[in-house]
> 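Can you read through this structure? Questions will come right after.
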Amino acid sequence: MAPLSDRVLMGPGPCNPYPEAVEALGLPMLGHLDPEFIAVLDETCERLRTVFGTRNALTLPISGTGSAGMEAVFVNVVEPGDVVVVGVNGVFGERMCDVAARCGADVVRVDTEWGQPVEPQRLLDAHPAPKIIAVVHAETSTGARSDIAPLGEGKADALLLVDCVTSLGGIEVDIDGWGVDLAYSGTQKCLGVAPGLAPITVSDRARERFVAKSRSWYLDLRMIGDYAGAAKGARKYHHTAPISMIRSLHAGLGAVLDEGLAPAIGRHTDCGRTLQDGLESMGLELIPPASHRLPQLTTVRIPDGVDDAGVRKQLLERHGIEIGGGLGPFAGNAWRIGCMGHTARPRNVTLILAALAEALGR
Ligand SMILES: *Cc1c(COP(=O)(O)O)cnc(C)c1O
C-alpha cells in the first residue's frame, strides 16, 4: 500500500491542496471579530473577486461545501412560483433542479445528453420570461464545459445563475464580462484548498431582487452580507466564521495569485492536454466533444472487459493514485480523472498515464 501521506488525488475532488493552504490550517486560532482575522477575511474576499473576474461587493466564502453555495444563491432569489430555467447535462444540473424546486420554483428543465454541453439558445428559448436561468459551467459528472457568455447576452430581464464549482481557478471565469448575476464555487476543486467553503458572488442587480425573507436563516445573504461585507466597525455577529478554513482559502488563493491566475489556468490547460493526448494514444476514448472538453476533469470510457473497480483499486493500492468512477448513466463505464489545483502538475500526469498503461496492459 502506498503511504497515505503520498496520495495523488485525481478524482473529481478533493484535489491535493496547495502546501500553503495546508500550512495555514495549523496557524494559531484567532477570534472571529479579531481585527487580524477581519483583515484576512477582507483580503480573501478581494482575492475571490480577482479569480471570479468581478467587482461585485457581495463576494465572500459561505460556510459549507459547494452545495451550500448552490443553496445560498437559490434560496435568496427564488420565491414560490418563480420560473427557473435549468440546463441539465449531468448530476449538478439535476441537483440545481432539486434545490430550486425546494425553494418553490416552477422549474423548467432543459435536458441535454450527458457528456454534451448545454446549448445556450435552447436555454434562452425555454421560457419567454423566466426569473432565473441556471446552468453548470463545468459539469464534473461528465467533463463537459458549457458556454456562458451567450446566456449573459441573451438573458434579457432574467438573472443568470452559474455553478462555477469545478471551473473556478481551472479555466477562464469572467463573471462581470459574461453578465453572470449569481455564481458559487467550492474550495476543493481547482482552487486547491480542502473542502469546507463555498465562494459566492452576487451582482447588485441580483441583490435588488433578493426575496424579502429567505426561508433559510443560515444562508440568508442579507444577514451574512452585513457581517462579511459591512464597512469596518459595522460588522454584526451572524454565525462564527470557520476561521481556519478561511485562513486556508486566503493562503491557497495567495498561492494561485502569486503564480498568476493566467499561468495557473495555463498549467491546468497544459496538464489536461497532455493527459488527454496520452489517453487517446493508449487507444482510450474520451467522452465530451473536443471543443467542450474540460482540461481539469477528463472522462474516459472504460474499455470492454476491463474491471472498473479492480483497476481503480490497483491504482490506489500500488501507486496511491485516486481516480473517480462514473456517476448516473456513466456508472461502471467511465472513469473521471481530475487534474485540479496542486494536483495539476506534469509529474502527476506522467504518473497516471504510466500507472494506467500498466493496469490495462497497454
Ligand atoms: C463538487 C461539485 C458541487 C458540489 O460541491 P460539494 O462541495 O460536493 O458540496 C456542485 N457542482 C459541481 C459542478 C461540482 O463539481
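Just so you know, ligand 1 is whichever comes first in the structure, and atom 1 is the first atom listed for that ligand.
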> Please tell me whether Ser203 and Asn56 have a donor and an acceptor in their side chains that are separated by less than 3.5 angstrom.
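Judged by distance alone, the side chains do not pair up.
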> Should the pair His32 and Tyr237 be assigned to parallel (<30°), tilted (30 to 60°) or perpendicular (>60°) ring geometry?
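Perpendicular: the ring planes of His32 and Tyr237 meet at over 60°.
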> Relative to the heavy atoms of Ser67, which atoms of ligand 1 are at a distance of less than 4.0 Å?
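Numbered from 1, ligand 1 contributes 4 (C), 5 (O), 6 (P), 9 (O).
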> Which residue and non-hydrogen atom of the protein lie closest to atom 14 (C) of ligand 1, and at what distance in Å?
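Looking at atom 14 (C) of ligand 1, the protein heavy atom closest to it is Lys189 NZ, 3.0 Å.
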> Measure Ala138 to ligand 1 on non-hydrogen atoms and call it side chain, backbone, both or neither using the 4.0 Å cut-off.
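Only the backbone of Ala138 comes within reach of ligand 1.
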> Could you check atom 7 (O) of ligand 1 against the protein and tell me its nearest heavy-atom contact, residue, atom and distance included?
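For this ligand atom, the closest protein heavy atom is Gln188 NE2, 2.8 Å.
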> Looking at Asp125, Leu123, Val86, Ile133, which hits side-chain contact (heavy atoms from CB on, under 4.5 Å) with Val110?
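Checked Asp125, Leu123, Val86, Ile133 against Val110; only one passes side-chain contact (heavy atoms from CB on, under 4.5 Å): Leu123.
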> Suppose we measure from atom 10 (C) of ligand 1 to each protein heavy atom; which comes out shortest, and what is that distance?
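Protein heavy atom with the smallest distance to atom 10 (C) of ligand 1: Phe92 CD2, 3.2 Å.
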> Would one find an N or O of Arg95, backbone or side chain, under 3.5 Å from an N or O of ligand 1?
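No, since none of the N or O atoms of Arg95 sits under 3.5 Å from an N or O of ligand 1.
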> Against Asp181, only a single residue in Lys155, Lys131, Arg207 fulfils salt bridge (Lys or Arg N to Asp or Glu O under 4.0 Å); can you say which?
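Considering Lys155, Lys131, Arg207, a salt bridge (Lys or Arg N to Asp or Glu O under 4.0 Å) with Asp181 is found only for Lys155.
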> So, are Arg222 and Asp220 salt-bridged, with charged N and O less than 4.0 Å apart?
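No, this pair does not count.
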> So between Pro14, Gly66, Pro12, whose heavy atom ends up nearest atom 6 (P) of ligand 1?
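Considering heavy atoms of Pro14, Gly66, Pro12, the nearest to atom 6 (P) of ligand 1 sits in Gly66.
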> May I ask you to identify, for Glu139, whether its side chain, its backbone, both or neither come under 4.0 Å of ligand 1 on a heavy-atom basis?
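Glu139 to ligand 1: no contact under 4.0 Å from either part.
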> Suppose I only count heavy atoms of Thr166 and a 4.0 Å limit; which atoms of ligand 1 are within that range?
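Every atom of ligand 1 under 4.0 Å from some heavy atom of Thr166: 15 (O).
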> Report the residue from Thr140, Leu327, Val136 that forms a side-chain contact (heavy atoms from CB on, under 4.5 Å) with Val91.
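One option only clears the test, and that one is Leu327.
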> Looking at every non-hydrogen atom in both residues, tell me the closest pair between Gly115 and Pro289 and how far apart they are.
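Taking Gly115 first and Pro289 second, the nearest heavy atoms are O-CD, 3.4 Å.
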> Would you mind listing every ring pair (Phe, Tyr, Trp, His ring centres under 6.0 Å) that reaches into residues 117-150, with sequence neighbours excluded?
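The answer is His137-Trp178.
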> Looking only at non-hydrogen atoms, which of Thr140, Asp163, Thr65, Val136 approaches atom 15 (O) of ligand 1 most closely?
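Looking at heavy atoms only, Thr140 sits closest to atom 15 (O) of ligand 1.
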> With respect to Tyr184, determine whether any N or O atom, backbone or side chain, lies less than 3.5 Å from an N or O atom of ligand 1.
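Among all N and O atoms of Tyr184, none is under 3.5 Å from an N or O of ligand 1.
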